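To start, the structure under review is shown below, and the notes come after it.
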2 protein chains.
Amino acid sequence: MKEKISKNSRVSLSEVARAAGVSKMTASRVLRGEGGYSEKTRDKVMEKVDQLGYLPNRLATVFAGDQSSTFVGVSIPDLGNEVFAQVLEGIDRKLGSFGRQTVLGLTQHTQQEEENWIRTVLSWQPAGLILTGRYHSPRATEMLRNAGIPIVEIWDLNSSPLDMSVGINHFDSGFDMGRYLMSCGYSNIGYVGTSHDTANAATTRLDGFCKAVEGGGGRVVKQLCLHDTATYYPGFYGTEQLLASGSGVECIFYQNDAMAFGGLQYCASKGMQVPQDIGIAGWGDLPIASVIARRLTSMHVPHLKLGQAAAEMMIGRLSDEPVEPCRDIGFRLIPGTTVRNSA
Amino acid sequence: MKEKISKNSRVSLSEVARAAGVSKMTASRVLRGEGGYSEKTRDKVMEKVDQLGYLPNRLATVFAGDQSSTFVGVSIPDLGNEVFAQVLEGIDRKLGSFGRQTVLGLTQHTQQEEENWIRTVLSWQPAGLILTGRYHSPRATEMLRNAGIPIVEIWDLNSSPLDMSVGINHFDSGFDMGRYLMSCGYSNIGYVGTSHDTANAATTRLDGFCKAVEGGGGRVVKQLCLHDTATYYPGFYGTEQLLASGSGVECIFYQNDAMAFGGLQYCASKGMQVPQDIGIAGWGDLPIASVIARRLTSMHVPHLKLGQAAAEMMIGRLSDEPVEPCRDIGFRLIPGTTVRNSA
DNA sequence: AAGCTTTAAGTTACCCGTAACGTAAGTATG
DNA sequence: CATACTTACGTTACGGGTAACTTAAAGCTT
């Protein structure tokens, strides 16, 4: 029984050919519609294909080196963050419409996980790779350089990418938010986010934010949750800790909208009014950001479009079309009503 | 140039072997740690492996039929729904920890997309498949039966699965919600959801819901958004349409929490008080469900756990361990405070 | 009808790694 | 010292499909 489940149970092209009374090669030609066979032969072969339920083994084709695979490896830090889920959706939908498949890798924000995943996925001879972030381990970078396949680094716009890059300038987006909050009259501002071993887009954003605030004479009090995912609950508890520290912040900027929601909820539970008692600003502009009566102050990023753009660059490169190696997908500040009005 | 990018640029085992002055077979043994070689030989080979940056071609290994692939195909309707994103995260994390890779397929809630994806992914000789839902096209079902690989159908608990199944009983969960809302004193109840060509878990839930409400003497007014994704905006507009129809519903049950948030937002925008003027109930219990001051009435489902369980069943089967073919992951009603108190 | 072209096939070699088998040394045993 | 055994390799064949080449038959030309 267990033997039957192994692959020898699958019908091969030779079996189809034998059943149809032709050679393997003729059957192959029929299946690829290459021409060079009679109608009678085609019908005979196709009949047997249906009858035996033959499915081609793409492994063999790719392995033989005649064509590249249809796999594209896609690494994403985590899906708990709705933002990345949407990016992935954009990528997979677009890739799928061009007959390509996504091989997923969740790297949990660590370079080691990413490196391991890259090693594994490369051994499957993917057509290309789409990676989140610009920071890779030295060994990963070496493997990527040697791979000789198209690579798109997304999320964090990279002016000197390994190959191609699409995303936004996170430093600038943080800077713009900092400047905006300063313009609203805040100067003692908190930041709540997560913290990981390696640099990432969120830290770049924070850098830009601090530069704007501190450059404008304000100060930033940080509250970082170590090794946590940037979701609702850490936002709640991070806010609690930040406010308990007695730093007297008037406004809090969060790593993303989900964390900002956590913060809003904490404030509501303590009877604090937003924005009268405290200002709240998120980042990412989730669709759900308008669920609260007041529109969440945030930074809009076209997530789905970003994913699609990444897939398009990949497809373009795989089709040998000329591709602009860097694409800025842009962002837009949502003033919202959860911070004091700047007017 | 273009030639270089093709696979002949990749270092093969033969090249490593030649460089190390041994046969292919010896190099292979060293890399697999199989034994049968001297320390000197091992060092020589490993040195060349590092030097040349050799990466094994797993395609060849699998192709040779010596072992099955490490791919597991995973089909998910869409990632716009946070629920499925979490399920996928649970699956991929667990699979990854056992050295398996997810090949993703977003089927957009259509059987045709699913069938196409199944055909493609099977041609890559996956070790197994994890599919969302129990309804597949006839041709898909046939391919799945012939594939001879483990298959886990998730989400919708299936007492007679193709192979294995893990999920919840959606009919019962809808029924329980219906009974709860009736117990709160509602009898004229609305439902807002999406509608697709084929049956799915949401329609099963609605069936259970109707049975409870209508069986208890109430009535259900349905508002279905055709071919839409079950997210925030359709919830908003679906609510608008339902209320404009003049059906006078006192309470609305939504296909999921995201849609319920849209409904909440619509009600807030019209100055309606929840639950005084209208009751709101969601389904799925997203973490963010507590962001509103009042806890959203909902149905809790352990999404991440569901994904993990699916992956565990797959791994178990692939390791020839005995696996219980059906697993009910359970649900739990969250009374919340967005419907009238039943007390 | 002989010679040429076209059509419809078949044959061979190859991709890369591994199972199975072969072999030549060295080691142990009686 | 002959025999059996172990170690450390090498050699051959194979998997499923396709490129490149070969071949046989049919069709066409003059």
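First the proteins, then the strands, lettered A, B, ... as listed; each starts at 1. Every value quoted in this text rests on a predicted model; they were computed, and no experiment measured them.
Within residues 18-44 of chain A, the residues having any heavy atom under 4.0 Å from DNA chain D are, by residue number, A:Lys24, A:Met25, A:Ser28, A:Arg32, A:Glu34.
Distance CG (B:Leu55) to C1' (C:dG17): 15 Å, rounded to an integer number of Å. Between the CG atom of A:Leu59 and the P atom of D:dG15 there is a distance of 15 Å, given to the nearest Å. Here C:dC15 presents its C1' atom at 13 Å from CG of B:Leu13, a figure rounded to the nearest Å. Summarising the geometry, the separation between CZ on B:Phe63 and P on C:dC14 is reported as 15 Å, rounded to the nearest angstrom.
Under 4.0 angstrom from either OP1 or OP2 of D:dG17 there lies at least one side-chain N or O belonging to A:Tyr54.
Distance check, rounded to the nearest 0.5 Å: OG of B:Ser123 to CD1 of B:Ile118 gives 12.5 Å.
B:Gln86 places no side-chain N or O within 3.5 Å of a backbone atom of B:Val83 that could act as its donor or acceptor partner. Side chain of A:Thr132 to main chain of A:Ser75: a donor-acceptor pair is present (N/O by atom type, distance under 3.5 Å, no hydrogens or angles).
Taking the six-membered ring where the residue is Trp, A:His196 and A:His109 present parallel rings, their angle staying beneath 30° rather than reaching 60°. Taking the six-membered ring where tryptophan is involved, the planes of A:His303 and A:Trp155 are tilted, since the angle between them lies from 30° to 60°.
Counting only N and O atoms by type, the side chains of B:Gln101 and B:Thr70 include a donor and acceptor under 3.5 Å apart.
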